Number of protein chains: 2
Amino acid sequence: MATRTDAPTRREQILKEAARLFAERGFHGVGVDEIGAAVGISGPGLYRHFAGKDAMLAELLVGISEQLLTGAKRRLAEADGAVGRGSGGGAAPEATGRPAGGTGRRPTGRDPEAVLDSLIEGHIDFALDDRPLITLHDRELDRLRDSDRKRVRQLQRQYVELWVSVLREVYPGLAEPAARSAVHSVFGLLNSTPHLGRPGSSPGRASTAELLHRMARGAFGAAATG
Amino acid sequence: MATRTDAPTRREQILKEAARLFAERGFHGVGVDEIGAAVGISGPGLYRHFAGKDAMLAELLVGISEQLLTGAKRRLAEADGAVGRGSGGGAAPEATGRPAGGTGRRPTGRDPEAVLDSLIEGHIDFALDDRPLITLHDRELDRLRDSDRKRVRQLQRQYVELWVSVLREVYPGLAEPAARSAVHSVFGLLNSTPHLGRPGSSPGRASTAELLHRMARGAFGAAATG
DNA sequence: CAGGGAGGTTAGCGGTCGTTAACCTGGAGG
DNA sequence: CCTCCAGGTTAACGACCGCTAACCTCCCTG
């Protein structure tokens with residue numbers, strides 16, 4: 001139930017193109033005819049797959065939020081299992097002032113630093129691989145029906161709170177409001193990928209990911225240096 | 001010619017409300033009737049002040065870009081005059097690994113650290129005081145006529161390059177592409193203010209500004225730690 | 001006290017857009 | 001071979017939206 005391996009179905013094709021177009025020109029700036037044309041069919045043919053334009057946006061935003069949250073939960077559980085391992089072998093910068101041995105109650109993870117690195121790595125992967133979705137994520141939320149918007153906001157809040165709790169395990173001195181602000185700000189930092197020149201630009205994907213990772217850790221560390 | 005002190009004219013009133021509405025619901029999501037209603041007049045009365053809806057957006061975006069750039073230039077010149085002073089007495093975190101005495105050619109500023117802090121401070125002030133404009137700035141650029149878009153992009157690029165050159169004075173080891181990416185990412189961090197809960201929320205304005213400042217410096221420092 | 005322009009108003013036109021209706025078609029299943 | 005349905009097509013409707021036209025009304029000025 002985690003990752004699909006089938007051939008891309010029509011629905012998915014439509015969603016992908018719709019995401020790209022919405023990100024480029026905004027929800028109201030894209031017509032259904034354009035979305036249809038992007039997948040080879042024209043105009044109202046889309047209504048065989050979706051109830052309407054709103055439904056496409058809703059499915060996109062809910063899907064993004066769920067994907068982010070479940071990915072984060074999975075990484076947290078993985079790091080909980082393999083203690084001390086960085087899971088993907090990604091960039092794990094030096095510890096930024098590890099606190100002594102303060103054994104405050106820690107919800108799940110064993111090595112908070114590794115969990116935080118894993119969360120950052122996951123978010124960066126998402127931001128680099130699905131730039132249109134990242135763009136939509138905090139831009140077109142208000143165009144949703146109330147029920148969908150509530151659901152998305154709930155998922156987003158869970159995601160943020162997960163980061164906040166992990167962050168406060170790494171930096172116990174960080175107050176909760178400050179931690180929440182810091183998390184939102186680091187999301188802003190990581191979600192800047194759409195402004196970083198198209199994929200294949202100046203620096204490669206790997207070095208961009210490393211740079212973002214270092215900066216995120218640096219920002220968190222500075223936030224904790226009250 | 002820098003800051004206005006007159007009473008807010010009708011044009012400015014309209015621009016302010018239009019910015020708020022555009023930021024909330026997107027350019028295409030707002031009708032001229034709503035903008036008119038927001039300032040007490042209704043519908044086509046706006047056309048006594050603006051050539052059209054596009055003209056409002058254009059004036060907003062060009063104005064933002066000019067304000068950011070001229071503000072940055074002014075701060076750079078001020079710091080050039082008063083050596084060693086942080087100009088506004090704002091938060092100036094500890095030097096994050098000041099390089100030895102590498103006297104590489106420095107375009108203008110005398111104390112690069114102070115200039116960088118001043119740039120950060122200015123951007124934070126703008127991001128905190130004009131959230132709708134910050135939102136519009138990187139969201140509705142593509143809705144402009146070609147000439148206006150070109151102008152805005154040119155101003156934005158100058159602004160970025162100014163940051164890049166100052167940043168590379170502080171961290172001479174930082175390669176230019178990495179510096180540019182770092183600057184864009186820190187903009188993403190600083191521009192996260194719209195997500196930080198409405199003004200008057202948990203932490204006060206001053207502490208939020210300090211937090212953002214520390215995080216920006218921390219992110220830059222980490223970017224330079226290659 | 002004319003008069004004229006700045007700054008409104010309402011009515012309405014033309015175009016666009018989301019959505020529905022009605023129809024068509026190729027291929028799988030009995 | 002007939003049937004039927006998934007997945008298309010085009011035509012068209014109704015709503016909305018940006019903008020213009022025509023008109024009105026203070027208020028300032030000579």
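Chain letters run A, B, ... following the sequence lines, proteins first and then strands; every chain starts at 1. These numbers come from a predicted model, not from an experiment. Quick note: numbers below take in every heavy atom, side chains included, and nothing from hydrogens, waters or symmetry partners.
Across all strands, B/Gly45 comes closer than 4.0 Å to base atoms (heavy-atom distances). Residue A/Gly43 is classed as having no contact, given no heavy-atom separation below 4.0 Å to the nucleic acid. Residue contacts for A/Val39: at a heavy-atom cut-off of 4.0 Å it reaches no nucleic acid atom on any strand shown.
The side chain of A/His49 has D/dG8 as its nearest neighbour among C/dT20, D/dG8, C/dG7. The side chain of A/Ile41 sits closest to D/dT9 out of C/dT20, D/dT9, C/dT9. When each of C/dG18, C/dG8, D/dG18 is scored by its nearest atom to the side-chain atoms of B/Lys53, the top-ranked nucleotide is D/dG18.
At whole-Å resolution of the value, CG in B/Asp33 and P in C/dT9 are 11 Å apart. When the P atom of C/dG5 is taken as reference, atom CZ of B/Arg48 falls 13 Å away, rounded to whole Å. Nucleotide D/dG7 holds its P atom 10 Å from the CD1 atom of A/Ile14, rounded to whole Å. If you measure from atom OH of B/Tyr47 to atom P of C/dA11, you get 18 Å, rounded to the nearest angstrom. Summarising the geometry, the separation between CZ on A/Phe50 and P on D/dG8 is reported as 12 Å, rounded to the nearest angstrom. D/dG18 atom P lies 8 Å from atom CD1 of B/Ile35, rounded to whole Å. In this entry the distance linking CG of A/Leu46 with C1' of C/dT20 reads 14 Å, nearest Å. Counting to the nearest Å, the P atom of C/dG18 and the NE2 atom of B/His28 are 11 Å from each other.
The number of heavy-atom neighbours closer than 6.0 Å to CZ of A/Arg151, taken from other residues, nucleotides and ligands shown, is 12 or below.
Of the side-chain N and O atoms in A/Arg10, none sit less than 4.0 angstrom from OP1 or OP2 of D/dA6.
Taking the six-membered ring where the residue is Trp, A/Tyr159 and A/His123 present parallel rings, their angle staying beneath 30° rather than reaching 60°.
A/Leu46 has its side chain out of reach of A/Arg10: every pair of non-hydrogen atoms, C-beta onward, lies at least 4.5 Å apart.
Remark: B/Glu17 CD to B/Ile35 CD1 distance equals 10.0 Å, nearest 0.5 Å.
We find that A/Lys16 and A/Glu12 are not joined by a salt bridge, their nearest charged nitrogen and carboxylate oxygen being 4.0 Å or further apart.
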